[in-house]
There are 2 protein chains.
Amino acid sequence: MLTKARGLAAGQLAKAAGVNLETIRYYETIGLMPAPPRTPGGHRVYDDVHVRRLAFIRRGRGLGFSIEEVRALLVLNDPRHGSCAEAKDIAATHLTEVRHKLADLTRLESILAASVARCTSEPLAQCPVLDMLGPETSLPRAGMTTHDSSLDRL
Amino acid sequence: MLTKARGLAAGQLAKAAGVNLETIRYYETIGLMPAPPRTPGGHRVYDDVHVRRLAFIRRGRGLGFSIEEVRALLVLNDPRHGSCAEAKDIAATHLTEVRHKLADLTRLESILAASVARCTSEPLAQCPVLDMLGPETSLPRAGMTTHDSSLDRL
DNA sequence: CTGCCTCCGGTAGCCACTACGGGATCAAGC
DNA sequence: GCTTGATCCCGTAGTGGCTACCGGAGGCAG
């Protein structure tokens, strides 16, 4: 179990970070995680640096940053290339996207909530949910903020 | 241009629905749109029924329903199988998901907004954005409502 | 009948993983 | 030392919902 030499096996790192083993290997192939040293038999051995880096990545992903944004943030996190201004730019851009999606989802929520609510009353001739999708209704256009159509797969 | 016989060519249907031509062919291959009749040369010819069906689909997708949900709603929209209760179930389930994502995104927004805002003040020793991702910070856990990790790619 | 636009089918790519499968390696118990 | 059972290896394919690209064929106005 690699207890000696203070190294972690891939599965242990995965468990520690709450990530799938395959995800770690994926991060390695796309160059997001560095290739760690190996045992003579080919098993990966990780140390604290890897643990911290993976935690950083997971936190970034958890906040909705794309892989490429996380990659950029990792570079900026290095004291040598550290640039708070650039990091702020990335976060601000992401924040704007989040706010767009928030606006889209809010519109969605009210449209859906309205037609589901109309269903709860006594049986109607027409189904409010299907009506909402039918051709004559002129929806307040669930109209996404254009930058990207149809809520970009939510 | 198929002006006779009241038929629409694929590109015309696409333009009318605000959809890519390829999307229509995609919907046909996955069985969401029926295969229309063809000209002797093999070009698709659509009519009003197709136009309405595609409009229904697009509206459903615009409201964030998955392809499979739209498929189910299409069946329920047929007067013979019409069931308002089932349609309501689908919409209610979707509404719940939308609300989860709304909650997640709202949490995200406040975390991001807070660290970006902290950047705007005069230069600090540490970058608030990178701090947010660093190991010692104990974030209010951007903790998604579990049903699915990491905001499911937003 | 010629030029040009549109459409055809098929395939590959996008994002961020997840799943699967057959074989190798590990640590530990005996 | 040897066996056992967990873990790990690598590669490939699949997910959703399209989009992009290709060479070639159809359709229609002049």
Side-chain angles (χ1 to χ4, degrees), chain A residues 1-5 7-33 35-46 54 57-58 60-71 94 97 101 144 148-154, chain B residues 1-5 7-33 35-46 54 57-58 60-71 94 97 101 144 148-154:
Chain A
M1 240 190 185
L2 284 171
T3 37
K4 244 189 334 186
L8 289 171
Q12 292 175 311
L13 175 60
K15 205 166 293 177
V19 178
N20 272 2
L21 179 54
E22 289 94 341
T23 303
I24 295 177
R25 291 203 298 114
Y26 171 69
Y27 286 165
E28 188 179 322
T29 63
I30 64 171
L32 201 58
M33 283 290 283
R38 306 272 189 134
T39 66
H43 286 206
R44 293 171 179 82
V45 183
Y46 296 97
L54 183 55
I57 294 170
R58 281 282 96 190
R61 295 285 305 125
L63 289 168
F65 289 99
S66 72
I67 293 273
E68 291 314 310
E69 285 169 332
V70 170
R71 197 192 296 277
H94 180 50
E97 282 166 24
K101 285 176 182 157
M144 308 305 122
D148 144 52
S149 75
S150 288
L151 254 187
D152 130 73
R153 83 217 77 129
L154 276 193
Chain B
M1 240 191 184
L2 282 170
T3 37
K4 248 192 326 193
L8 289 172
Q12 293 175 310
L13 175 61
K15 206 164 292 178
V19 178
N20 272 3
L21 179 55
E22 289 94 340
T23 303
I24 295 177
R25 291 204 295 117
Y26 171 69
Y27 286 165
E28 188 179 321
T29 63
I30 64 170
L32 200 59
M33 282 292 282
R38 305 273 188 137
T39 66
H43 286 205
R44 293 171 179 83
V45 182
Y46 296 97
L54 184 54
I57 295 169
R58 282 281 94 191
R61 294 287 303 126
L63 289 169
F65 289 100
S66 72
I67 293 274
E68 291 314 312
E69 284 168 333
V70 170
R71 197 193 297 278
H94 180 50
E97 283 166 23
K101 284 176 183 159
M144 308 304 120
D148 145 51
S149 77
S150 290
L151 253 186
D152 129 73
R153 83 217 73 128
L154 278 193

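Below, read A as the first sequence line, B as the second, and so on, with proteins coming before strands; counting in each chain starts at 1. Just so you know, these numbers use all the heavy atoms, side chains as well, and skip hydrogens, waters and symmetry mates.
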Asks: For nucleotides 10-13 of chain C, print each protein N/O atom paired with a nucleotide N/O atom at under 3.5 Å, atom names and distance only.
Replies:
| residue | atom | partner | partner atom | Å |
| --- | --- | --- | --- | --- |
| C:dG10 | O6 | B:Arg25 | NH2 | 3.1 |

Asks: B:His43 NE2 to D:dG27 C1': how many Å, rounded?
Replies: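 Rounding to the nearest Å, NE2 of B:His43 and C1' of D:dG27 are 7 Å apart.
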
Asks: Contact between B:Val45 and B:Leu8 at the side-chain level, heavy atoms closer than 4.5 Å - yes or no?
Replies: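 B:Val45 vs B:Leu8: side chains apart.
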
Asks: Using the side-chain heavy atoms of B:Asn20, tell me which of these nucleotides is nearest: D:dA20, C:dC7, D:dC18.
Replies: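 Selected nucleotide: D:dA20.
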
Asks: Can you tell me how far the CG atom of A:Leu21 sits from the NZ atom of A:Lys15, to the nearest 0.5 Å?
Replies: 10.5 Å

Asks: Taking 4.0 Å as the cut-off, does a side-chain nitrogen or oxygen of A:Thr23 come that near to OP1 or OP2 on C:dA16?
Replies: no

Asks: If you assign A:Val19 and B:Gly42 each to the DNA chain C nucleotide with the nearest heavy atom, which residue ends up on the more 5' nucleotide?
Replies: B:Gly42

Asks: With a 4.0 Å limit, can you tell me whether A:Ser66 has a side-chain N or O closer than that to the phosphate oxygens OP1/OP2 of C:dC15?
Replies: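 No.
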
Asks: Quick one: is B:Tyr27 getting a side-chain N or O under 4.0 Å of the D:dG17 phosphate, OP1 or OP2?
Replies: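 Result: no.
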
Asks: Nearest to the side chain of A:Thr39, which nucleotide is it out of C:dA16, D:dG26, C:dC26?
Replies: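 Per side-chain heavy atoms of A:Thr39, the pick is C:dC26.
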
Asks: If you measure from CD1 on A:Ile57 to CD1 on A:Ile24, what distance do you get to the nearest 0.5 Å?
Replies: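 So the CD1 of A:Ile57 and the CD1 of A:Ile24 are separated by 9.5 Å.
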
Asks: Starting at CG of B:Leu8 and ending at P of D:dG27, how long is that distance when rounded to a whole Å?
Replies: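 Going from CG in B:Leu8 over to P in D:dG27 covers 16 Å.
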
Asks: Not counting sequence neighbours, which residues clear ring-ring contact (aromatic ring centres under 6.0 Å, His included) with A:Phe65? List them please.
Replies: A:His94

Asks: Rounded to the nearest 0.5 Å, what separates atom CD in A:Gln12 from atom OH in A:Tyr46?
Replies: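 Going from the CD atom of A:Gln12 to the OH atom of A:Tyr46 covers 11.5 Å.
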
Asks: Think B:Tyr26 has a side-chain N or O under 4.0 angstrom from the OP1 or OP2 of D:dG16?
Replies: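 Looking at the OP1 and OP2 atoms of D:dG16, neither is under 4.0 Å from any side-chain N or O of B:Tyr26.
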
Asks: Looking at B:Arg38, I'd like to know whether one of its side-chain N or O atoms comes within less than 4.0 Å of OP1 or OP2 on C:dG9.
Replies: yes

Asks: Would one find a side-chain N or O of B:Arg44 under 4.0 angstrom from OP1 or OP2 of C:dC7?
Replies: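 So the side-chain polar atoms of B:Arg44 never come under 4.0 Å of the phosphate oxygens OP1 or OP2 of C:dC7.
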
Asks: Mind calculating the distance between CG (A:Leu13) and P (D:dC9) to the nearest angstrom?
Replies: 11 Å

Asks: Could you tell me how far apart B:Leu21 (CG) and D:dC18 (C1') are, to the nearest whole angstrom?
Replies: 13 Å

Asks: What's the CD1-C1' distance between A:Ile30 and C:dA16, to the nearest Å?
Replies: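 Roughly 8 Å, once rounded to whole Å.
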
Asks: Could you check how far CD1 of A:Ile57 sits from P of C:dC15, rounded to whole Å?
Replies: 17 Å

Asks: If I take atom CD1 in residue B:Ile24 and atom P in nucleotide C:dT6, what distance separates them, rounded to the nearest angstrom?
Replies: 14 Å

Asks: The criterion is salt bridge (charged side-chain N to carboxylate O under 4.0 Å, His left out); which residues satisfy it with A:Arg25, sequence neighbours excluded?
Replies: none

Asks: For D:dC18, does OP1 or OP2 lie under 4.0 Å from any side-chain N or O of B:Arg58?
Replies: yes

Asks: Any side-chain heavy-atom pair from B:Leu54 and B:Tyr27 closer than 4.5 angstrom?
Replies: yes

Asks: Please state how far atom CZ in B:Arg61 lies from atom P in D:dT19, giving the value in whole angstrom units.
Replies: 10 Å

Asks: With DNA chain D as reference, determine whether B:Gly41 or A:Gly41 sits nearer its 5' end, using the nearest nucleotide of each.
Replies: A:Gly41

Asks: Less than 4.5 Å apart, side chain to side chain, heavy atoms only: is that true for A:Arg44 and A:Leu13?
Replies: no

